[in-house]
Amino acid sequence: MKYLIRPLDADINTADFQCGTQPLNDYIRRYASQDVRKNVSRVFIATPENDQKKLAGFFTLSAGSVGCSSLPTSLARKLPRYPVPVALIGRLAVDNESQGKGLGSILLADACQKVSQASSVLAVVGIIVDAKDDKSISFYKHFGFIPLPGQADRLLLPASVFQQNSPFTE
Ligand SMILES: CC(C)(COP(=O)(O)OP(=O)(O)OC[C@H]1O[C@@H](n2cnc3c(N)ncnc32)[C@H](O)[C@@H]1OP(=O)(O)O)[C@@H](O)C(=O)NCCC(=O)NCCS
């Protein structure tokens, strides 16, 4: 199956989206377009190539910052002691029907590629994800994200990983 990824628009049908995590279903149906309008998040949607109204998955990107003391020591010791800029994948989800077929990794790779491109004009020390549960923690660890010390559900992919070459293949 081939997918197309584009910014959220009004043509997409979000009403039938079910990923197994209700807050993520509610987010894309009710709040995502408001966040885009308010410049709180950018939201990207994936559709099957042959049905561009069907929502197969989505992710959000926004800017954030983290205190140096919350980063792994190996990274923190190379950084200034004030809060440093990061990119945030706030949400990432795949519709039940499309799970287990590689779309989650395509979305994650696309998010990393977008951040890598943006980081040439807006510096970040890495990408942070807030995992919703143990299953998603293990999903992100599978791709090299490392938990922040003392925050098992907040994980980081250092910029050195995605700026040199992407560890993900589409
Ligand atoms: C987590 C989620 C995004 C994964 O999407 P998916 O399309 O099913 O994942 P993929 O098919 O792309 O899997 C890609 C790889 O991740 C691995 N993987 C998937 N889920 C995993 C998990 N929970 N733990 C460890 N690895 C996992 C797969 O084995 C696969 O590995 P491989 O490429 O080496 O074969 C999807 O299950 C989902 O939307 N779940 C509900 C919402 C959620 O938990 N979102 C994430 C947190 S915000």
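Ligands are counted one by one from 1 in listed order, and the atoms in each one are counted from 1 as well. Since the structure is predicted, the reported quantities are computational estimates derived from the model, not experimental observations.
Listed by atom number, the atoms of ligand 1 under 4.0 Å from Ala93 heavy atoms are 39 (O). Of all the atoms in ligand 1, the ones that sit under 4.0 Å from a non-hydrogen atom of Phe143 are 14 (C), 15 (C), 16 (O). Near Lys101, meaning under 4.0 Å from one of its heavy atoms, ligand 1 places the atoms 11 (O). Residue-ligand proximity, Lys132 to ligand 1, at heavy-atom distances under 4.0 Å covers atoms 48 (S). Listed by number with element, the atoms of ligand 1 under 4.0 Å from a non-hydrogen atom of Ser105 are 12 (O), 14 (C). When each atom of ligand 1 is checked for a heavy atom of Leu24 under 4.0 Å away, the hits are 42 (C), 43 (C), 45 (N). Listed by atom number, the atoms of ligand 1 under 4.0 Å from Gly102 heavy atoms are 10 (P), 11 (O), 12 (O). Every atom of ligand 1 with a heavy atom of Thr21 under 4.0 Å away is listed here by number and element: 41 (C), 42 (C).
From the protein, the heavy atom lying nearest to atom 44 (O) of ligand 1 is Ser136 CB, 3.6 Å. Nearest protein neighbour of atom 1 (C) of ligand 1, counting heavy atoms only, is Phe139 CG, 3.9 Å. Taking atom 7 (O) of ligand 1 as the reference point, the nearest protein heavy-atom neighbour is Gly104 N, 2.8 Å. The nearest protein atom to atom 31 (O) of ligand 1, hydrogens excluded, is given as His142 NE2, 3.0 Å; this is a heavy-atom distance. The protein heavy atom nearest to atom 38 (C) of ligand 1 is Gln99 NE2, 3.5 Å.
No side-chain donor from either of Gln151 and Ser70 sits under 3.5 Å from a side-chain acceptor of the other.
Within the 4.0 Å cut-off (strictly below), a protein heavy atom is located near atom 15 (C) of ligand 1. Using a 4.0 Å threshold on non-hydrogen atoms, atom 24 (N) of ligand 1 counts as touching the protein. By the definition of a contact as any protein heavy atom under 4.0 Å away, atom 48 (S) of ligand 1 is in contact.
In this structure, Gly20 falls outside the shell of residues with a heavy atom less than 4.0 angstrom from ligand 1. The shortest heavy-atom distance from Gly100 to ligand 1 is under 4.0 Å.
Of the candidates Val94, Thr60, Asp134, Val94 brings a heavy atom nearest to atom 39 (O) of ligand 1.
Asn13 contributes atom CG, which lies 14.0 Å from atom CD of Gln52 (distance to the nearest 0.5 angstrom). From Ile146, atom CD1 reaches atom OH of Tyr140 across 15.5 Å, with rounding to the nearest 0.5 Å.
Taking Ser136 as the reference, Asp133 meet the side-chain hydrogen bond (donor to acceptor under 3.5 Å, both in side chains) condition, with sequence neighbours excluded.
Residue Leu92 has at least one nitrogen or oxygen atom sitting less than 3.5 Å from a nitrogen or oxygen atom of ligand 1, judged on distance alone. In terms of polar-atom proximity, defined here as any N/O pair under 3.5 Å, Asp133 makes no such contact with ligand 1.
Ile89 and Ile5 fall within the same hydrophobic cluster, where Ile, Leu, Val, Met, Phe, Trp and Tyr residues are linked whenever their side-chain heavy atoms come under 4.5 Å apart, directly or through other members. Residues Ile45 and Ile106 are members of separate hydrophobic clusters, defined by side-chain heavy-atom contacts under 4.5 angstrom among Ile, Leu, Val, Met, Phe, Trp and Tyr.
Between the side chain of Lys101 and the main chain of Glu97, a donor-acceptor pair closer than 3.5 Å is present. Side-chain atoms of Asp95 come within 3.5 Å of backbone N or O of Gln18 as a donor-acceptor pair. Checked by atom type and distance alone, the side chain of Thr60 pairs as donor or acceptor with a backbone atom of Arg91 at under 3.5 Å.
In this pair, Phe143 and Phe139 present their aromatic rings perpendicular. The plane angle is above 60°, beyond the 30 to 60° band.
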